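One structure is given here, and the rest of the page talks about it.
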Amino acid sequence: MSNYYQSLTNDQLDLELSQLDQQISQIRSKQLALDMARGKPHPDQVKLSYPMLDMLASSTDFIDKGVDAANYGCPEGLPSARQLAAELLGVNPNNVLVVDSASLSIMYDVIDNAFVHGISGCKPWCKQEGVKFLCPSPGYDRHFALTASFGIQNVPIEMGADGPNMDEVCRLVQTDARVKGIWCVPKYANPTGITYSDEVVRRFASLKPAAPDFRIYWDNAYCVHDIEEPSDKLLNIFEALQEVGATNLVYEFASTSKITIPGAGMSWVAASNDDIAQLTQAFSFHRVCPNKMVQLAHARFLQDAQQVAKHMKKHAALIKPRFDLVVSKLEAGLGSLGIARWTHPKGGYFISFDGPAGSAQAIVALAEKLGVKLTSAGATWPYGKDPHDTNIRLAPTFPSLEELDQALDVFIVCVKYVVAHLEKQSRQV
Ligand code: PMP
């Protein structure tokens, strides 16, 4: 579809620009303060888990399968918590460590351990030259920030509709021993919302890395976060590894952050027997044991995968109208103009928006001036550098529907304004 503004005569474009100017002035006078920046659950979503707080009282039996949750011990996590965590990922509980309250902390610890001490008998990364991580982009800004904070070089990898460009991933992982990891959000990716296809998962499982200390950092943050039926189905990476007889290749992460209470939940890592043994030892220097009281409350409240699915349906009932609103408003406001595209994910927390080259920063800046906070343009790329300046991550869960409605009206005007101005500028040179 062609860009509407390109089809206008100079006079028509000027008329359009002056109408947009008027709309901008009207919006400015409203002095809005709306936030679509981060993927935070709405308070009503968090409230769904308040009954979990009643699972623990002074009269509660804190013993879980013979383990006293109210004392030291069980550094690998409470048995019921491991059971639940394993069930959600489809792995054996012995291959899961439930060790923290949020998954990013575990990812940090895992990378910190490889960086400082080394894994698989290799030299620590801090003593190796030019350590690199592959970063499918657009992707999750905190992943990229984490590896960048260690001085690891983040290398962007093109993201497609069914996962990262696997030809490129295979080439780099299999030929360059400085490549030590790849960040993946395989289901309802942050921010594109896509789920990796079975073929992509199988190609990951078949990787033959040049570096023995290479791992796939499989952040399955949205493993149960479906909002539409039929939901996306992600092939179990550990089953795919088994199919090809591979091992010691994947660390899988997840947490209850967007199931129960963000930052106050339980988080876990799943890996092969060898990797779990190494991580158990590495983590033993960091903590005597995790917060097993929180784990007990979670295990008793969430129980099993079936109960979690029921609980997630309640989240979906709150999130779906927001996703639908964003998509229908973008469609109505921009659909016929041929100037942008956006995703319509069946789960997760984000909608990914792409405008024309050179537009994203200007759109985000203008929206901010008008009182609508968006994720910084470029944040979805390593070092904040979106090479074509097109991508904007929309996070629709936190605002109320009314706020979202208003924020989208502003966003749409900003997109039109910026794109029309780009067209005007291109005619002036
Ligand atoms: N991974 C991804 C892909 C996320 O989007 C988020 C939250 N925005 C996290 C991890 C953070 O999860 P946690 O609270 O468990 O650290």
Side-chain angles (χ1 to χ4, degrees), residues 35-42 45-46 49 77 81 84-85 88-89 96-112 133-147 149 154 159 163-164 181-196 216-227 232 234 237 250-270 290-291 294-295 298 302 308 312 315 319 322-323 343 345 347-352 374-376 379-382 391 393-398:
D35 191 341
M36 258 206 303
R38 294 235 61 106
K40 278 163 66 166
H42 187 272
Q45 288 182 254
V46 182
S49 298
L84 173 65
L88 295 182
L89 297 187
V96 174
L97 301 176
V98 187
V99 284
D100 219 307
S101 57
S103 59
L104 200 67
S105 319
I106 307 185
M107 293 178 226
Y108 189 96
D109 282 357
V110 170
I111 285 174
D112 187 56
F133 250 66
L134 306 186
C135 300
S137 303
Y140 179 36
D141 53 350
R142 291 189 196 273
H143 283 162
F144 305 161
L146 199 170
T147 30
S149 78
N154 285 331
M159 233 352 221
I182 178 165
W183 286 118
C184 294
V185 183
K187 190 169 174 191
Y188 304 133
N190 177 349
T192 60
I194 66 116
T195 297
Y196 294 8
I216 299 162
Y217 291 72
W218 201 248
D219 179 2
N220 209 345
Y222 300 108
C223 54
V224 291
H225 302 60
D226 308 309
I227 54 176
D232 287 353
L234 175 71
I237 184 111
V250 175
Y251 296 129
E252 183 168 13
F253 305 92
S255 79
T256 57
S257 281
K258 288 168 179 174
I259 299 175
T260 58
I261 304 179
M266 55 182 224
S267 60
W268 57 96
V269 54
N291 184 338
V294 161
Q295 295 185 9
H298 276 78
L302 296 174
V308 170
M312 294 314 289
H315 280 282
I319 296 177
R322 290 176 164 77
F323 271 60
T343 56
Y349 264 63
F350 302 101
I351 288 169
S352 183
L374 299 166
T375 309
S376 318
T380 54
W381 287 76
N391 188 248
R393 184 180 82 167
L394 301 176
T397 51
F398 190 67

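Whatever order the structure lists ligands and atoms in, that order sets their numbers, starting from 1. Everything numeric here is computed off the predicted structure, so don't read it as measured data.
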task: Could you check atom 3 (C) of ligand 1 against the protein and tell me its nearest heavy-atom contact, residue, atom and distance included?
output: Asp219 OD2, 3.4 Å
field: Closest approach of Pro41 to Pro262 (non-hydrogen atoms, all atoms of both residues)
entry: CG-CG, 3.6 Å
message: With heavy-atom distances below 4.0 Å as the criterion, list the atoms of ligand 1 near Ala221.
response: 1 (N), 2 (C), 3 (C)
statement: Nearest heavy-atom contact between Thr192 and Ser352 is CA-CB, 3.6 Å
task: Report yes or no: does Arg322 contribute a side-chain atom to a donor-acceptor pair with the main-chain N or O of Thr397 at less than 3.5 Å?
output: yes
- line: For Arg38 and Arg142 the tightest heavy-atom approach is NE-NH2, 3.6 Å
- line: Under 4.0 Å between heavy atoms, the region of Ser267 that gets near ligand 1 turns out to be neither
- request: Taking all heavy atoms of Ile259 and all of Ser49, pick out the closest pair and write down the distance.
  value: O-OG, 3.4 Å
- prompt: Is the charged tip of Lys40 near the ring of Phe398: under 6.0 Å from the six-membered ring centre and within 45° of its axis?
  reply: yes
- prompt: Is Lys187 close enough and on-axis enough to Tyr196, meaning under 6.0 Å and within 45°, for cation-pi?
  reply: no
- line: Atoms of ligand 1 under 4.0 Å from any heavy atom of Ser255, numbered from 1 in the order shown, are 13 (P), 15 (O)
- prompt: What is the closest protein heavy atom to atom 12 (O) of ligand 1, and at what distance does it sit?
  reply: Ser103 OG, 3.3 Å
query: Which atoms of ligand 1 have any heavy atom of Val185 under 4.0 Å away?
result: 3 (C)
query: Where the closest heavy atom to atom 4 (C) of ligand 1 is concerned, which of Trp268, Tyr222, Phe350 has it?
result: Tyr222
message: Under 6.0 Å between ring centres: does that hold for Trp183 and Phe133?
response: yes
- prompt: In terms of residue, atom name and distance, what is the protein heavy atom nearest to atom 11 (C) of ligand 1?
  reply: Tyr140 OH, 3.6 Å
- prompt: Any heavy atom of Lys258 sitting closer than 4.0 Å to ligand 1?
  reply: yes
- prompt: At under 4.0 Å between heavy atoms, which part of Ala102 makes contact with ligand 1: side chain, backbone, both or neither?
  reply: both
field: Protein residue, atom and distance nearest to atom 16 (O) of ligand 1, heavy-atom basis
entry: Leu104 N, 2.9 Å
task: Could you check which of Gly263, Pro191, Ser257 puts a non-hydrogen atom nearest to atom 13 (P) of ligand 1?
output: Ser257
